[in-house]
Amino acid sequence: SMIDRIVLGAPCWGNFPDAYELQVSMDGNRWTTVATASNMATEGAENGAIHNLTMPVRAKYVRLQILAHTPEQTNSGLGEFEVWGKPVAN
């Protein structure tokens, strides 16, 4: 697929991750970072986050790599993880 948008929904429990990377891969082994975020606890991410990619990327797999939790939590939560784009022929 050609991915152009990734939406992270507000958590149902816990806090939104404080820092993270969104990564894509075609084979599940080699990963490329397409978006990063930090200081989300102070940026007011209680409603989640939308990442519109400046250039669509071709990917088969998408993952969220959490780098830091909020200071008062030892875990993070998401309500939804949405990946938007268009299918492409092999």
Side-chain angles (χ1 to χ4, degrees):
S1 294
M2 291 300 292
I3 297 167
D4 58 9
R5 179 184 230 195
I6 301 171
V7 178
L8 304 178
C12 298
W13 54 267
N15 288 340
F16 198 77
D18 192 43
Y20 58 86
E21 295 177 341
L22 291 166
Q23 300 175 335
V24 297
S25 174
M26 284 300 292
D27 62 9
N29 293 311
R30 292 175 305 215
W31 295 90
T32 302
T33 299
V34 295
T36 61
S38 60
N39 299 318
M40 296 302 287
T42 57
E43 297 293 323
E46 63 272 356
N47 294 323
I50 298 172
H51 295 276
N52 292 309
L53 307 182
T54 54
M55 293 287 293
V57 294
R58 187 176 179 143
K60 188 174 183 180
Y61 304 99
V62 180
R63 74 178 179 186
L64 169 69
Q65 187 77 20
I66 296 175
L67 304 174
H69 305 290
T70 57
E72 63 276 348
Q73 296 286 326
T74 57
N75 58 20
S76 297
L78 292 177
E80 295 180 327
F81 188 90
E82 300 175 14
V83 178
W84 295 73
K86 294 180 172 58
V88 294
N90 289 335

How long is the span from the [atom1] atom in [X] to the [atom2] atom in [Y], to the nearest 0.5 Å?
X   : Y   : atom1 : atom2 : value
R5  : N52 : CZ    : CG    : 4.5 Å
I6  : E82 : CD1   : CD    : 11.0 Å
R63 : Q23 : CZ    : CD    : 4.5 Å

Applying side chain to side chain contact (heavy atoms under 4.5 Å, CB included), name anything that partners [X], two or more places apart in sequence or on another chain.
X   : result
T32 : V24
V83 : I3, V62, F81
T54 : none

(request) List the steps and the verdict of side-chain contact (heavy atoms from CB on, under 4.5 Å) for L64 and L22. (result) CA-CA 5 Å; L64 169 69; L22 291 166; 3.9 Å; yes
Return the minimal non-hydrogen interatomic distance between [X] and [Y], and the atom names on each side.
X   : Y   : result
A59 : M26 : CA-SD, 3.4 Å
L53 : A35 : CD2-CB, 4.5 Å
P17 : L78 : CD-CD2, 4.2 Å
S1  : P87 : OG-CA, 4.1 Å
Y20 : H51 : OH-NE2, 2.7 Å

(request) For S25, enumerate each residue passing the side-chain hydrogen bond (donor to acceptor under 3.5 Å, both in side chains) test, keeping only those at least two apart in sequence or located in another chain. (result) D27
(request) Mind checking side-chain hydrogen bond (donor to acceptor under 3.5 Å, both in side chains) for N29 and listing every partner two or more places apart, or none if nothing turns up? (result)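 Partners of N29 by the side-chain hydrogen bond (donor to acceptor under 3.5 Å, both in side chains) criterion come out as none, since no residue qualifies.
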(request) Could you list the residues that satisfy ring-ring contact (aromatic ring centres under 6.0 Å, His included) with H69, not counting sequence neighbours? (result) none
(request) If you link ILVMFWY side chains whenever their heavy atoms are less than 4.5 Å apart, which other residues fall into the same cluster as V7? By chain and number, please. (result)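 So far as hydrophobic clustering goes, V7 is joined with I50, W84.
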